[in-house]
Structure formats: C-alpha cells, structure tokens
**Q** 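After the structure tokens below, expect a handful of questions from me.
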Amino acid sequence: MSNLVWPDILQATWQTLYMVGVSTLFATALGLPMGVFLVLFSTRHLMQRRVAYQALAVIVNIIRSVPFIILLIAIIPFTEWIVGTSIGVNAAIVPLTVGAAPFYARVAETALREVESGVIEAAQAMGASVWQIVWRVLLPEARPGLIAGVTITAVTLVGYSAMSGVIGGGGLGDLAVRYGYERFETGVMLVTTAILVIIVQCMQMLGDVLVKHYARRS
Amino acid sequence: MVALDHVNLRVQAGEIFGLIGYSGAGKSTLLRCVNLLERPTQGEVWVDGQEMTRLNKRQLQSARRQIGMIFQHFHLLASATVADNIAFPLRLARHRNADVTSRVNELLDWVGLSEHAHKYPAQLSGGQKQRVAIARALATRPKILLCDEATSALDPETTRQILDLILRVNRELGVTVVVVTHEMSVVRRVCDRVAVMEAGRIVESGSVVDTFLFPRHELTRRLLAMDDESEANLSAEVAHRQGNRLDEWPGRKLRLVFRGDAVYRPILSEVAQMTGGHYSILQGTVDVIKDVPYGRLLMQWFGDDTAVAQAIAALEERGCRVDVLDDTSSLPVADSPRPLDDASRQQGSVNVGAGAGGDAG
C-alpha cells in the first residue's frame with residue numbers, strides 16, 4: 001500500500017461524510033412530512049383521505065422497490081436539472097436523497113403510529129387543530145422513534161453511497177471497489193472498509209444516545 | 001350498529017351527573033357526544049345554549065375549550081413535564097407565556113402537585129397522573145368537566161382521593177360535572193343525579209338518593225347489588241332467617257324507607273305509641289348520600305293484621321315508604337315506583353338530544 005493512497009483515503013472519507021450527511025438531512029426533511037401525511041391520511045385518522053393515502057403509498061413503494069443502482073442512473077436528467085451536473089459528489093446527493101426519503105417516510109410513519117390514540121383524542125377534546133396536534137403531540141411524542149429512524153436512514157445511506165462511484169460521486173465505498181476489487185489492493189480495501197465500520201458505529205452511538213435522552217421521559 | 005338510540009338527557013348547570021351502566025351500554029359514547037369527539041348521526045347536542053353539531057371547525061375548537069375532559073388512562077403527553085402538560089391547553093389557545101406560567105403554578109398548587117412540576121408522567125403514580133389530567137382539564141377555566149371512567153384504573157384509596165377532588169372542582173369552582181362509571185359507589189359518592197344506561201338507551205334516571213332507595217329497573221338493582229356499601233343488600237335471606245324466630249308472635253315483616261327530615265323525627269316510637277303496637281328492627285341503615293339523609297329498615301311489626309295495617313298507614317302518613325314482605329317471598333323488592341320527591345327542574349346546561357351514534361364501537 002503506497003503512501004500516495006492516504007490522501008485519497010482522506011478525501012474519500014470526507015466525501016462519504018459529506019454525501020451521507022447532506023442526503024440524510026434532505027431525506028429526513030422530505031421523508032418526515034411524507035410520513036406525517038401517510039399517518040394523517042390513513043383510515044380513522046385526523047385527515048382520512050383514501051385516494052391521497054393510496055397515491056402517496058404507491059409513490060413511496062415504487063421508489064423503494066427500484067434497486068438503488070438503477071435509480072441512480074434513471075434520474076440522471078432530474079439530477080442535472082437540480083444541481084446542473086450529473087457527475088460528482090453533489091450530483092450523488094440527489095439520488096441518495098430521492099432513494100432515502102421514502103425509506104424515512106415509512107420509518108417515520110411507524111414511529112408516529114405508535115403515539116397513543118387517546119393522547120391525540122385528549123388534544124382534540126382540548127380544542128387542538130390538526131396542525132397543533134401534529135406539532136405539539138405527534139412529533140414530540142414520537143421523537144425517540146423519529147430519531148432512531150434518522151440513524152437507520154443514515155446507516156443505509158452509507159451503503160448506498162458506495163454505489164455513487166458510478167456517477168463519479170467518490171467516497172470510501174467507491175475507493176474500496178476501485179482499489180480492492182478492481183486492482184486487488186487488499187490493504188486499501190481493508191482500510192476503507194474499517195473506516196466505514198467506524199463511521200457507522202459512531203453514527204449508531206450518537207443516535208442511541210439521543211434516543212435514550214428523549215426516551216427517558218416515557 | 002346503533003350505539004345510542006332515543007337518548008334524551010338534560011344536565012343542570014352546577015350539578016354532578018352520573019352515567020352508569022355495564023361496558024358497551026353506550027355511556028362513554030354519550031359522554032363523547034357532549035364535546036363531539038363522537039358526532040351523532042341524528043339529534044342535537046346543546047351545551048350552555050350552543051347547539052354543538054351546527055358549529056364550524058373553529059367554533060367547535062373554541063367551544064371545546066369550555067369543556068374539560070379526563071380519561072381512564074389519563075392520556076398525558078409522555079414527552080412533556082407535569083407543568084408542560086398542564087400548560088398544553090393554554091398554549092393551544094395561544095395564551096401569553098407569563099399568563100401560562102402563573103396559571104400553571106396556581107393549578108399545580110390547587111391539585112397539590114407543586115413539587116412534581118418538573119417530573120415526567122412516567123415518574124408519577126396513577127393518582128398523581130389523574131391529578132395532572134384534572135389540572136390540565138381545568139386550565140382554560142371550563143364550565144363543564146367530563147369524566148370518562150376517570151377512577152376505573154385506580155385503587156380504592158386513590159379513587160376516593162380523586163372523587164374528593166372532583167367534588168372540590170364542583171363545589172369550589174362551580175364546574176358542572178358529568179361522570180361516566182360502571183361503579184355505583186362512584187355515583188353514590190359524588191353524583192346528584194344519575195342515568196342508568198343499557199344497550200344505548202337510558203332505562204332509568206333521577207336523583208341519586210331516589211335511585212338508591214327506590215330502584216325501578218332490574219339493571220339498577222343489579223348495579224346496586226354490586227356496591228357493597230349500598231343497602232340494596234338488605235338481604236331477604238337474612239331477614240327471613242331472623243324472622244323465623246319471631247314466628248311465635250303474630251306480626252308482619254316490613255321494609256321501611258325514608259329520607260330527608262323523616263330521618264330526624266321520632267316516627268317509629270310515635271307510631272308505636274299511637275297504635276299501641278311494638279316493633280323490632282332486624283336490619284337497617286341510617287346514612288347520608290350527597291347531603292340527603294336517608295334510612296332503611298327491615299323490621300318486624302307485632303300485632304294482628306288490623307293493627308299492622310293501622311301502623312303502616314300512620315308510617316306512610318309520616319313520609320315513610322312501607323312494603324309488606326310476604327313471608328313466602330324471598331325478595332323484598334319494591335314494585336311500584338314512588339319517589340318521594342318529584343322536583344323536576346328544567347333549567348339545563350348540557351342537553352344531549354335524541355342521538356343515534358354512528359358506528360361507534
């Protein structure tokens with residue numbers, strides 16, 4: 001393993017953290033409202049809308065069932081439209097976000113459904129509007145589950161980001177494939193994989209600490 | 001499925017009204033019609049001069065702030081402290097922060113939880129959680145408090161404390177209270193009037209004292225029989241056994257029920273002296289339900305049939321209700337309903353009109 005590789009590894013680490021960090025942020029920002037609407041639109045909930053629920057659910061299911069590598073290529077025109085280019089780290093963030101948002105939507109939906117219906121009813125009895133219930137009851141009460149969902153999404157995105165090499169997104173996964181798989185440089189592959197493991201571990205620990213902090217209350 | 005059918009209920013301002021029945025009778029559904037958590041498919045709901053079903057979303061939200069509600073399982077926000085739970089309805093109504101703080105402190109003090117202000121619900125006992133729920137329900141100074149099986153998840157001692165608090169809410173704050181319960185003891189402790197429900201209908205209603213002393217419907221008698229402290233258990237069996245020893249003397253077993261002033265007057269001795277008769281008390285109670293004294297006695301009145309009939313007439317004249325217990329029958333059941341006091345006031349503050357609930361189940 002030549003010394004020349006280390007700057008590459010450092011750069012790739014930064015690229016991975018950047019891609020995963022930004023796409024987790026966007027995926028959460030998009031997925032959370034989707035999750036909220038999936039809950040509100042569902043049967044016997046605050047804004048029961050059969051058609052809207054089905055439409056949203058179908059979109060979420062389609063995106064989730066397309067293999068990420070295909071999604072990555074299929075939405076290149078969209079990516080170009082958003083960031084102005086179809087290659088590079090920033091271009092990778094678009095498919096990562098699109099792929100992870102429906103995933104987080106489902107995780108958030110599950111967490112929000114856990115909120116006791118009686119608590120929602122008590123808020124209604126106190127004259128709360130639907131949006132007051134979302135902001136003051138659903139989201140705070142589901143916070144531990146929502147945070148755990150962010151952790152799961154971020155870890156999943158670390159895996160997805162390995163595929164971003166296809167569109168020149170770089171990152172540790174890409175490095176591991178190029179050096180380890182294509183050039184048989186086992187050393188680089190091991191180091192990059194080890195760094196990925198450490199990143200995932202750190203994210204999981206951080207997530208667990210946050211969940212524990214909020215769950216202590218319930 | 002029809003959850004409520006031809007229900008007509010009028011709750012007077014300032015009273016504590018009880019809805020009692022077994023589970024599935026529709027009492028909770030009826031209660032939830034008051035603040036429209038359950039919207040009746042037909043009929044009207046009048047609260048404080050407002051027809052609730054005709055209000056739009058905004059109006060309904062503000063009408064609901066005038067109606068507090070507490071539940072069997074408390075339904076507090078697990079993620080908020082005691083103080084924040086109590087502040088919740090005030091924040092919903094967009095009160096100023098300074099007002100919220102002072103109101104919350106006032107309520108914490110009133111329910112005796114000041115030192116628990118910064119705890120989370122998970123750290124409280126069931127009774128403490130219900131106190132928080134009551135404080136929360138009272139935060140916006142409602143005129144009405146709805147209690148949906150509020151003590152059903154609590155032990156007897158805690159139940160007593162929560163019922164005392166509900167009495168205070170009624171007496172000190174003048175809040176009209178509607179209580180849903182399946183326990184007669186709850187009705188006896190706090191309610192002024194009661195409606196007995198079965199299969200979506202009200203089968204009997206009236207003042208609690210009258211319902212206790214003169215139950216008309218079979219279901220009411222069954223509910224009374226479950227309540228140990230009620231004297232519906234004035235058992236005919238016991239009376240019969242004790243009565244047998246008296247068989248050597250001529251006489252009849254009588255069941256006497258009286259209430260109000262009659263409790264304090266020397267009725268028995270007066271009648272005995274006047275008719276020259278004698279009596280022996282076999283079993284009985286003299287007690288008070290919600291400030292109304294009452295008595296009920298199972299007794300042997302000695303003498304031939306003419307003397308006994310004379311005594312009965314004299315007792316009835318003095319406001320007692322008298323039933324002659326047939327020696328062969330085993331149940332001292334009053335058949336003809338004759339409430340002693342028939343004051344039917346018409347001024348009302350909650351009025352749930354004939355409503356057929358939708359698919360509440």
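Residue numbers begin at 1 in each chain, while the letters A, B, ... track the order of the sequences.
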**Q** Mind checking the CD1-CD1 spacing from A:Ile73 to A:Ile167? Nearest 0.5 Å is all I need.
**A** 9.0 Å
**Q** Within the side chain of A:Gln48, is there an N or O that forms a donor-acceptor pair under 3.5 Å with the backbone of A:Arg44?
**A** yes
**Q** Is chain A contacted by the side chain of B:Phe88, its backbone, both, or neither, given a heavy-atom distance below 4.5 Å?
**A**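 For B:Phe88, side-chain heavy atoms alone lie under 4.5 Å from chain A.
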**Q** Any Lys/Arg nitrogen of B:Lys27 or B:Asp148 sitting under 4.0 Å from an Asp/Glu carboxylate oxygen of the other?
**A** no
**Q** What residue, out of B:Lys57, B:His73, B:Arg91, has the most heavy-atom pairs lying under 4.5 Å from chain A?
**A** B:Arg91
**Q** Measure the shortest side-chain to side-chain distance between B:Val177 and B:Ile166 over non-hydrogen atoms and say whether it is less than 4.5 angstrom.
**A** yes
**Q** Ignoring hydrogens and angles, tell me if any N or O in the side chain of B:Thr176 forms a donor-acceptor pair with the backbone of B:Gly14 under 3.5 Å.
**A** yes
**Q** Please classify the contact between B:Leu36 and chain A as side chain, backbone, both or neither, with a heavy-atom cut-off of under 4.5 Å.
**A** neither
**Q** Counting only N and O atoms by type, is there a donor-acceptor contact under 3.5 Å from the side chain of A:Gln15 to the main-chain atoms of A:Gly171?
**A**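 Such a contact is found between A:Gln15 side chain and A:Gly171 backbone.
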**Q** Step through the shown structure and confirm whether more than 12 heavy atoms of other residues, nucleotides or ligands are within 6.0 Å of CE on A:Met47.
**A** yes
**Q** Write out, in numerical order, the residues from residues 63-72 of chain B with a heavy atom short of 4.5 Å from a heavy atom in chain A.
**A** B:Arg64, B:Arg65, B:Ile67, B:Met69, B:Phe71
**Q** According to the interplanar angle, ranging from 0 to 90°, do the rings of A:Tyr160 and A:Phe68 count as parallel (below 30°), tilted (30 to 60°) or perpendicular (above 60°)?
**A**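 It falls in the parallel class, under 30°.
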**Q** In terms of heavy-atom contacts, does CD1 of A:Ile87 have more than 12 from other residues, nucleotides or ligands at under 6.0 Å?
**A**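 No - once you tally the heavy atoms of other residues, nucleotides and ligands closer than 6.0 Å, there are 12 at most.
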**Q** Using a 6.0 Å distance limit plus a 45 degree cone around the ring axis, check whether B:Arg168 lies over the aromatic ring of B:Trp110.
**A** yes
**Q** Are there residues of residues 121-129 of chain A whose heavy atoms fall under 4.5 Å of chain B's heavy atoms? If so, which?
**A** A:Glu121, A:Ala122, A:Ala123, A:Gln124, A:Ala125, A:Met126, A:Gly127, A:Ala128, A:Ser129
**Q** Given heavy-atom pairs under 4.5 angstrom as the criterion, report whether the side chain, backbone, both or neither of B:Arg58 touches chain A.
**A**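 No part of it gets close to chain A.
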**Q** Are the side chains of B:Asp99 and B:Leu90 in contact, using a 4.5 Å heavy-atom criterion?
**A** no
